[in-house]
Amino acid sequence: MPELPEVETIMRRLRDGTQDHPPLPGHKIQSVEIFWDRIIQEPDHESFKKNLQGKAIIDTRRRGKFLHFPLNVGHLIGHLRMSGDMCMEKRVTAEGNAIPKEKYDQIIFNLNSNWRLAFNSIRKFSRMWVVEDPQSVFGELGPEPLSAAFTPERLDQMLHDHSRQIKPLLMDQKFIAGLGNIYTDEILFCARIHPLRKSNMLSKQESGHLFVAIQEVLRKGIQSSGASLDWMYRGGEFQSLFKVHQREGEPCPECGTIVKKFIVGQRGTYICPRCQKEPGAA
DNA sequence: ACGAGCGCCTGTCGGC
DNA sequence: TGCCGACAGGCGCTCG
């Protein structure tokens, strides 16, 4: 599922709480249950549990597609990859009966209250870390696309530092943090740029359009609480705003040309062949 | 430096 | 209806 807007939505829900559950920060971790070993990336399982026991969660943040939970000692970090969610669940019913875990909960953090934090993932690609220094996980990530440090001038420079197909470059987390397959298709359509254009061949005007498209599409995604893709994630409504992604055979909302699907960098890619001119075309 | 292929998982959908 | 392959939002690895 989750790209930047979906992770941002999950982060805010945990950080601020909802009508149904309290905020996560301020809780302490009593115990940890692991149901799929390979999710723990670092350190080994026993140290992972031991390092978390009794620790206080002091904040909830996002960096790229990572969820970041600073602790009073150390940092808990999670990445959902292709599917999943993190949510607060009740541990015990009003009658005092233990509530069983959800089917796809892979890791459960029992908190010092009637709540637990569940790391939920159907496909088990997700990863978690407990580290002293979050930079050991985030160190290679590119800039946050919605931060003040990310400017049109910087993007233009970054694009010209590479000669790569623009779509795989935008999805490279070392280039920019947070973009995935869906939002990249929407961004390139919004900027009228073909996904196979070489990054260093974009004009200053095109890189300016790309900058605006990146911020606009991400902001709209966050405003819509992200995209819900069938059973993967049932958060927001952004999928109804897709202009080209998963709309093969439908008319382009701008010009009516039929949306085309092809493969770029092994990923299904949707474009309007008229709005997004192929490299080499005038 | 770059791009292609593949593996990791489970579930859904379309075709036969 | 049932089976089977293709495909899905990510990412890290190897190889040429």
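Model, not experiment: these values are computed from the prediction. Just so it is clear: chains get the letters A, B, ... in the order the sequence lines come, proteins before strands, and each one is counted from 1. Side-chain atoms are counted along with the backbone in the values below, which use heavy atoms only and exclude waters and symmetry mates.
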May I ask you to say what Arg38(A) touches in the nucleic acid, namely base, sugar-phosphate or nothing, with a heavy-atom cut-off under 4.0 Å? sugar-phosphate
Look at the side-chain N and O atoms of Lys198(A) and state whether any lies under 4.0 Å from the OP1 or OP2 oxygen of dG3(B). yes
Nearest-Å distance for atom pair CD1/C1', residues Ile166(A) and dC2(B): 14 Å
Return yes if the base of dA8(C) and the side-chain atoms of Arg123(A) contain a donor-acceptor N/O pair under 3.5 Å, otherwise no. yes
Between the base of dC11(C) and the ring of Phe125(A) - centre-to-centre under 5.5 Å, planes within under 30° - is that a stack? no
Tell me whether the OP1 or OP2 atom of dT10(B) has a side-chain N or O from Lys124(A) closer than 4.0 Å. yes
For atom P, what is the distance between dA4(B) and dA8(C), given to the nearest Å? 16 Å
Verify the contact: side-chain N or O of Lys65(A) to OP1 or OP2 of dG9(C), cut-off strictly under 4.0 Å; return yes or no. no
When all nucleic acid strands are considered with a 4.0 Å heavy-atom cut-off, which category describes Lys103(A): base, sugar-phosphate, or nothing? sugar-phosphate
Below 30° counts as parallel, above 60° as perpendicular, anything between as tilted: where do the rings of Phe109(A) and Phe48(A) land? tilted
Rounding to an integer number of Å, can you tell me how far Asp37(A) CG sits from dC9(B) P? 11 Å
In whole angstroms, the gap separating P of dG9(C) from CG of Leu170(A) amounts to 16 Å
Contact class for Ser163(A) (heavy atom, under 4.0 Å): base, sugar-phosphate, or nothing? sugar-phosphate
Between P on dG12(C) and CG on Leu141(A), what's the gap in Å once rounded to a whole number? 9 Å
Rounded interatomic separation in angstrom, taking CZ from Arg127(A) and P from dG12(C): 10 Å
CZ of Arg81(A) versus C1' of dG9(C): gap in Å, rounded? 13 Å
Looking only at side-chain N and O atoms, does His79(A) come under 4.0 Å of OP1 or OP2 in dG10(C)? no
Students often get this wrong, so: under 4.0 angstrom with heavy atoms, is Gln165(A) touching a base, only sugar-phosphate, or nothing? sugar-phosphate
Residue Gln266(A), side-chain heavy atoms: nucleotide from dG5(B), dG3(B), dG10(C) that is nearest: dG5(B)
Is the shortest heavy-atom distance from the side chain of Ile29(A) to the side chain of Gln53(A) under 4.5 Å? no
State whether Glu140(A) and Lys174(A) are salt-bridged, where the test is any N-O pair (Lys NZ or Arg NE/NH1/NH2 against Asp/Glu carboxylate O) under 4.0 Å. no
In whole Å, I'd like the distance from the CG atom of Leu196(A) to the P atom of dC2(B). 15 Å
For the pair His68(A) and His75(A), name the ring-plane relationship: parallel under 30°, tilted 30 to 60°, perpendicular over 60°. tilted
Partner of dC9(B) by Watson-Crick or G-U wobble geometry, both contacts under 3.5 Å, or none? none
Glu6(A) side-chain proximity, nearest of dG9(C), dG10(C), dC9(B): dG9(C)
To the nearest angstrom, the CD-C1' distance between Gln41(A) and dG10(C) comes to 13 Å
Check every strand shown and say whether Lys261(A) touches a base, only sugar-phosphate, or nothing at a heavy-atom separation below 4.0 Å. sugar-phosphate
Regarding dG9(C), can its base be found pairing with the side chain of Glu3(A) as donor and acceptor, where the two atoms are less than 3.5 Å apart? no
Using a cut-off of strictly less than 4.0 Å, decide whether Arg164(A) has a side-chain nitrogen or oxygen near OP1 or OP2 of dA1(B). no
Name the orientation class of the two ring planes belonging to His194(A) and Phe262(A) (parallel below 30°, tilted from 30 to 60°, perpendicular beyond 60°). tilted
In whole Å, what separates the P atom of dA6(C) from that of dG7(B)? 13 Å
I'd like to know if Asp172(A) pairs up with Arg164(A) as an ion pair, taking the criterion as any Lys NZ or Arg NE/NH1/NH2 lying under 4.0 Å from an Asp or Glu carboxylate oxygen. yes
